[in-house]
Visitor: 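Before I ask anything, here is the structure I am working with.
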There are 2 protein chains.
Amino acid sequence: MFNYSESMSPDHNQARHDRDSVARAALALLDEVGLADLSMRRIAARLDVQPSALYWHFASKQELLAELADRITTRIPAGSADVLTTARSIRDALFAYRDGAELVLSTYALRLGSSHAQVALEASLGPASTERATAILHFILGHTTLAQLRMHAESHGAAASGDEIDPTAGLDAVFDLGVAAIAGIRASRPRDRA
Amino acid sequence: MFNYSESMSPDHNQARHDRDSVARAALALLDEVGLADLSMRRIAARLDVQPSALYWHFASKQELLAELADRITTRIPAGSADVLTTARSIRDALFAYRDGAELVLSTYALRLGSSHAQVALEASLGPASTERATAILHFILGHTTLAQLRMHAESHGAAASGDEIDPTAGLDAVFDLGVAAIAGIRASRPRDRA
DNA sequence: ACCTGAACACCGTTCAAGT
DNA sequence: ACCTGAACACCGTTCAAGT
C-alpha cells in the first residue's frame, strides 16, 4: 500500500495534524475568543485546514469539547492537601482558560471525562465523604462559572443596571465560606495576597 | 394556499403579537425542545411570523432569554420560610422548565433580571447574611444545572462509560446537605415522599 | 404598530474524492 | 492516514419596504 504519513515531505505546505495538535489549537483558541465563538470552522481556519478535516480526528464538536475539558481538568493536583487548598486549585484550573468553568460544567454534566476533581476532593476530605465532595464540586462549578461569566461580561461593558459596584468584589470570601461550610470546617483566614 | 394559523379571526391570516405573546411562545418552546434548540427562527415559526418580526419586540435573542429567565424566576415565593424550604422552591422553579437552571445561571451571571432568589434567601437567613445567601444561590445554580443537564443527557442515551448506576440517585441528599451546611444549620431529615 | 422579504455573515456535519 | 470540495440544513441580525 501507499504510506504518506511517515515521510517528512519538506517542500510543500501540507498541514498534517493529529488529535493532539487539533486539541491544542482549539484550547488556545478557546482562551482567545471564548466558548461562544469557538466554532469548528474557526479552529479549522487556525490550522489552515478545511472544517471537514477536523472530523477525521474527532467524531463531533462535543467530543472535541470533552477533550478540552479533560485537558483543563487534569492540571488539578491529586495529592491530598486540605480541602480549601484543593478547592482553590480546582477553581484556579478552571480560571486558567477563558470560559473554562462553563465548559467543564457542561462536560461534567454529560459524564464525559473522568472526574479528576471529585477524586481530589474526596482525598482531601477523608473516607466516606462522597456526598460532601459532590456538594463541594457542585458549589465550585456554580460559583466559578458565575464569576467567570461575570468577569467577561463586565469587560465587554454589558452591565445592565445603574449600580456601579464591582461584581467581582467579595467573591473570594463567598468561595471560602461555601467550601469550608460544606466541608464542615471552620472558615479560615483569607490567604496572603499573592 | 395553505393556512396554518389558528384562525380565530374570521377573515385574514394576520398574526399580530406583542412582547408577552412572544415570550409565552418562547417559554413553551423552551420546555419542548430545550435551550440548545431554541432558535429565533423556531420561535418565529411557532408564531407564524418571519424571524425578523421578533426583533420588533426584543432587541436581541439575549434580551428575550433574559425575559424567560425572569418569568421562570418570579415563581419563587417571597415569604420568609426557612432556608431549606426556600432553597427547594428555587430549585423547583428552575426544574419547572427544561434547561431552566442553565438559562437562569447564564442570565444571572450577566446581571440581567433582578435576583428574586437572592432576596428570598436573605429573608430566610435573617439579617447580615448576604454572603451566605450568595453562596447558597451559587450552590443551587451549580447543583441544579448539573442535575438537569444530566437528566436530559440520560434520557437521550448519551451515557458514556460502562457503569450502569442512575446518575440522579442521591442528588436530593447532596442538595439538602449543601444548603444546610452553608446556611449553618443542622442537616434535616429528608422530607416525606411526595 | 407590527410585519415581510431579502440579504449578510455565519454555523455543525456528511461524504465522495483526492493524495 | 489525512485532507479537499461541495453540499445540506441550519443560525442571529439588519433593513428597506409594506400595511
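Order of the sequence lines sets the chain letters (A, B, ...), proteins ahead of strands, with each chain counted from 1.
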Visitor: Hey, where does DNA chain D pair up into stems, meaning at least three consecutive Watson-Crick or G-U pairs with distances under 3.5 Å?
Guide: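 C:4-8 with D:12-16, C:12-16 with D:4-8 - these are the stems of 3 or more pairs that involve DNA chain D.
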Visitor: Between C/dA7 and D/dC11, how far apart are the C1' atoms? Round to whole Å, please.
Guide: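 That atom pair is separated by 14 Å.
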Visitor: Write down the distance separating the P atoms in C/dC10 and D/dA9, rounded off to the nearest Å.
Guide: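 Taking atom P in both C/dC10 and D/dA9, they lie 22 Å apart.
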Visitor: Given the rule in the side chain to side chain contact (heavy atoms under 4.5 Å, CB included) test, do B/L105 and A/E102 qualify, once you have shown the distances and angles that lead to the verdict?
Guide: CA-CA 10 Å; B/L105 173 66; A/E102 193 186 350; over 6 Å; no
Visitor: Report whether A/L149 and A/V104 are members of the same hydrophobic cluster (ILVMFWY, side-chain heavy atoms less than 4.5 Å apart, transitive linking).
Guide: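 As far as the 4.5 Å side-chain criterion goes, A/V104 and A/L149 are not connected within one cluster.
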Visitor: Rounded to whole Å, how long is the line connecting atom CG of B/D18 with atom P of C/dC3?
Guide: 9 Å
Visitor: Which nucleotide sits closest to the side chain of A/R16: C/dC3, D/dT4, D/dA1?
Guide: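 Among the listed nucleotides, the one closest to the side chain of A/R16 is D/dA1.
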Visitor: Between C/dA1 and B/H57, is there an OP1 or OP2 to side-chain N/O distance shorter than 4.0 Å?
Guide: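 For C/dA1, OP1/OP2 do not have a side-chain N/O of B/H57 under 4.0 Å.
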Visitor: Under a 3.5 Å distance rule, please check whether B/R150 uses its side chain to pair with a backbone N or O of A/A109 as donor and acceptor.
Guide: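 At least one qualifying donor-acceptor pair exists.
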Visitor: Ion pair present between B/E32 and B/R42, side-chain N to carboxylate O less than 4.0 angstrom?
Guide: no
Visitor: Write down the distance between CH2 (B/W56) and C1' (D/dC15), rounded to a whole number of angstrom.
Guide: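 Whole-Å distance recorded here is 13 Å.
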Visitor: Atom CD of B/Q50 to atom P of C/dT4: distance rounded to whole Å?
Guide: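 Spelled out: CD on B/Q50 to P on C/dT4 is 5 Å.
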Visitor: For the backbone of A/Y97 and the side chain of A/Q148, can you confirm whether one donor and one acceptor N or O come within less than 3.5 Å of each other?
Guide: yes
Visitor: Nearest whole angstrom, please: distance from the P of D/dG5 to the CG of A/D48.
Guide: 13 Å
Visitor: Can you name the nearest heavy-atom pair linking A/L68 to A/L27, along with the distance?
Guide: CD2-N, 4.0 Å
Visitor: Please produce a list of atom pairs where a protein N or O lies less than 3.5 Å from an N or O of nucleotides 11-14 of chain C.
Guide:
unit_1, atom_1, unit_2, atom_2, d
C/dC11, OP1, A/S39, OG, 2.9
C/dG12, OP1, A/M40, N, 3.1
C/dG12, OP1, A/K61, NZ, 3.0
C/dG12, OP2, A/M40, N, 3.0
C/dG12, OP2, A/R41, N, 3.4
C/dG12, N7, A/R41, NH1, 2.4
C/dG12, O6, A/R41, NH1, 3.0
C/dT13, OP2, A/Y55, OH, 2.6
C/dT13, OP2, A/K61, N, 2.8
C/dT13, O5', A/Y55, OH, 3.3

Visitor: Do any pairs count as a side-chain hydrogen bond (donor to acceptor under 3.5 Å, both in side chains) and have a residue in residues 118-128 of chain B, sequence neighbours left out, and if so which ones?
Guide: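 Residue pairs passing side-chain hydrogen bond (donor to acceptor under 3.5 Å, both in side chains), neighbours aside: B/T86-B/S124, B/Q118-B/E122, B/Q118-B/T134.
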Visitor: According to a 4.5 Å side-chain heavy-atom criterion applied to Ile, Leu, Val, Met, Phe, Trp and Tyr, with indirect links allowed, do A/L29 and A/F95 form part of one hydrophobic cluster?
Guide: no
Visitor: Could you tell me whether a side-chain N or O of B/H57 sits under 3.5 Å from a main-chain N or O of B/V22, the two making a donor and an acceptor?
Guide: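 Pair absent, no side-chain N/O of B/H57 close to backbone of B/V22.
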